[in-house]
Amino acid sequence: MACLEVYKEGKFKEDEDACTLDGTVDMHGQPAIRAKSGRWVAGIIILVNQGLATLAFFGVGVNLVLYLTRVLQQDNATAANNVSKWTGTVYIFSLVGAFLSDSYWGRFKTCAIFQLIFVTGLISLSLSSQLFLLKPQGCGSQEDPCGTHSKLHVWLFYLSIYLIALGNGGYQPNIATFGADQFDEEDNKEGYSKVAFFSYFYLAMNLGSLFSNTILGYFEDEGVWAIGFWASTASAFAALVLFLGGTARYRHFKPNGNPLSRFCQVLVAAVKKCRAEMPQGGDDLYDEAKKESSNSNRKILYTHGFKFLDRAAYISSRDLDHQKQGIRSPWRLCPISQVEEVKCILRLLPIWLCTILYSVVFTQMASLFVEQGAAMKTTVSNFKIPPASMSSFDILSVAVFIFFSRRILDPVVARIRKSDAKGLTELQRMGIGLVIAVLAMLSAGIVECYRLKYADKECPHCEGSSSLSIFWQIPQYACIGASEVFMYVGQLEFFNAQTPDGLKSFGSALCMTSISLGNYFSSFLVSVVMKISTADDMPGWIPGNLNKGHLDRFYFLLAVLTSIDLIVYIASAKWYKSIKLEGRFEATDDEQGNFKV
């Protein structure tokens, strides 16, 4: 069936034969028909898939350190180190998945293959735990740890969890981008839906983790590991079946080839012509004709900046001679669109670097916030509140602020600006996220000051030795949740919108990598702080017994560092220039990440 582009009076008419304008294709490689592909039918399938996959992943990850200590009999330090390595590996594999997706397989095939690996790892973990590791039967609780295991069984366990890391890591950066691919940003209505999709995607992640942190976490904490792991396996399998069930409905971007070689070609070609006399402007630079291009991705238009790289597209007399012979060496002459790809990534790097310090703040929620809560009053009547369960307030805050941002804040901003804009730009959202992160650290520091004030001086080693209630932590968890909505959702939107069509998965992988580097930098910062603060036999800021330390000072230090990061971020955001794509709705230089769709 022919695919017709229908445009009238500045708006796209809905037509059963109208195709998308962003270059997406259907499962057969033909231009995607707008009415029969993508949109919220495919989007909802992907959202549910993400929720189920997140439930499965955190069903393993949330209590992995307890499994290592209670089942495999590792000490706390070794278990924590192994979990850190495993978590870091997940994010490293995200780069592998993004590379394969953008270069060769495409996002659908990559998501399907890595989800299959994910399910395989979960099945292996469930079987090895039930048949070999949970011996004697019923062991694995705090009161009844398991016995020793053979090297083969331990090796099988590590193979299983690293298959899970490979599967989830390779799948995660692609599924968010694949979901966004279902909405044509060149269309007004679908462009707005694409922006909303990222908020709902992040909400689906949090709802999945909420179930695993509470229900599955409870069973696993009680030593019923097999049920928890099999529930995760069932959830991941259901996610895979659901994902494959939507195959006929999905829209696809074709893979664009190896980006590393394209980047190197631009750098090498520019260096080779470093002494060439360059003309003013970009009119005389080599522009690959559409018929010569091997992909359907939208063309990137010329932008000023990084002038040295323009030399890679400069047509020298030698290049003219080669063209007459029908020869073009990609290592000597590159299309200007290929040069712009490199420019896009270079412009993204300062913004990306500023997000790493935010991840340092975010990671405190799973570490120091929990330790702080354990040293507070955790009982209500006869019920004891697990300190880690306070993260439920973070998830609740995420849900509330997603609704607030999309339904209240953005419409109000758009009305004030008296424009058709979608509200706050991605860069503005990320800046607000940094501001709220500063408030979160200030709140945590103030709570710690009062926790120390009400600490039981007669029993400095007692757990929960402060009479200050753990519910005073709610503001800092709520602030972290609010900052996530603005920072991480804005980050997903920003990197998806500002990376070329052939590098969208790489943009999502950058988000995951910033979280990973934030974890590593947090560990480094804690080590430096402890080395300095423990001089002269002092207990340090973060000792084993928090009543003898000054955790409040560490929180205030993070607030100062995040404030400095905010200043650098504002400067970087003002310097940033948006990607300019060939299409009906093109971004201008001064829109700075805000596409008017």
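Below, all heavy atoms of this structure are taken into account, side chains as well, without hydrogens, waters or symmetry copies.
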Check: [X] ring centre within less than 6.0 Å of [Y] ring centre:
X	Y	value
Phe57	Trp86	yes
Phe114	Phe93	no
Phe108	Phe243	yes
Tyr67	Phe157	yes

From the list Asp181, Thr177, Asn174, side chain to side chain donor-acceptor pair (under 3.5 Å) partner of Arg107 resolves to Asp181
Donor-acceptor pair, [X] side chain versus [Y] backbone, under 3.5 Å?
X	Y	answer
Ser391	Asp394	no
Gln182	Arg251	yes
Thr355	Ser514	no
Ser94	Tyr91	yes
Thr534	Met530	yes
Thr363	Ser359	no
Trp352	Leu510	yes

Exercise: identify the closest heavy-atom pair between [X] and [Y]:
X	Y	answer
Glu448	Leu546	OE2-O, 4.4 Å
Pro259	Leu503	CB-CD2, 3.5 Å
Ala440	Ile480	CB-CD1, 3.8 Å
Thr110	Gly106	OG1-O, 2.7 Å
Leu133	Val71	O-CG1, 3.7 Å
Leu492	Ala176	CD2-CB, 4.5 Å

What I'd like to find out is whether the side chain of [X] reaches to under 4.5 Å of the side chain of [Y], using heavy atoms alone.
X	Y	answer
Trp40	Phe197	yes
Ile215	Leu210	no
Phe99	Leu260	yes
Pro255	Tyr104	no
Val370	Met365	no
Lys109	Ile113	yes
Gln372	Pro387	no

Candidate pair Gln476 and Gln364, rule side chain to side chain donor-acceptor pair (under 3.5 Å), full reasoning
CA-CA 11 Å; Gln476 64 202 58; Gln364 305 312 313; over 6 Å; no
By the side-chain hydrogen bond (donor to acceptor under 3.5 Å, both in side chains) test, which pairs, at least two apart or in different chains, include something from residues 44-58?
Asn49-Gln115, Asn49-Tyr171, Gln50-Thr54, Gln50-Tyr171, Gln50-Gln172
Worked check of side-chain contact (heavy atoms from CB on, under 4.5 Å) between Val361 and Leu357:
CA-CA 7 Å; Val361 172; Leu357 194 58; 5.8 Å; no
When Phe362 is tested against each of Tyr488, Tyr477, Phe369, Phe521 for ring pair (Phe, Tyr, Trp, His ring centres under 6.0 Å), which residue passes?
Tyr488
Quick one: [atom1] on [X] to [atom2] on [Y], what's the gap to the nearest 0.5 Å?
X	Y	atom1	atom2	value
Leu396	Phe401	CG	CZ	10.0 Å
Ile436	Cys479	CD1	SG	7.0 Å
Thr513	Leu95	OG1	CG	4.0 Å
Asp552	Leu557	CG	CG	11.5 Å
Phe554	Leu368	CZ	CG	6.0 Å
Ser199	Ile402	OG	CD1	5.5 Å

Is it the case that the side chains of Tyr202 and Glu484 hold a donor-acceptor pair, with the cut-off being a distance below 3.5 Å and no angle test?
yes
Pair Trp230, Gln130: side-chain N/O donor-acceptor within cut-off below 3.5 Å:
yes
Report the C-alpha separation of Phe178 and Tyr250 in whole Å, then their side-chain angles, then the decisive distance to 0.1 Å, and conclude whether the ring pair (Phe, Tyr, Trp, His ring centres under 6.0 Å) test is met.
CA-CA 9 Å; Phe178 188 59; Tyr250 298 139; 4.9 Å; yes
Start with the C-alpha distance between Thr562 and Tyr358, add both sets of side-chain angles, then the distance that settles side-chain contact (heavy atoms from CB on, under 4.5 Å), and finish with yes or no.
CA-CA 7 Å; Thr562 308; Tyr358 172 81; 5.8 Å; no
side-chain contact (heavy atoms from CB on, under 4.5 Å) between Ser469 and Trp472, intermediate numbers included
CA-CA 6 Å; Ser469 172; Trp472 283 103; 4.1 Å; yes
Going through the distances and angles, do Ser129 and Trp225 end up as a side-chain contact (heavy atoms from CB on, under 4.5 Å)?
CA-CA 8 Å; Ser129 296; Trp225 295 97; 5.7 Å; no
Could you give me the CA-CA distance, side-chain angles and deciding distance for Arg451 and Ser466, then say whether side chain to side chain donor-acceptor pair (under 3.5 Å) is met?
CA-CA 6 Å; Arg451 191 198 68 78; Ser466 177; 4.9 Å; no
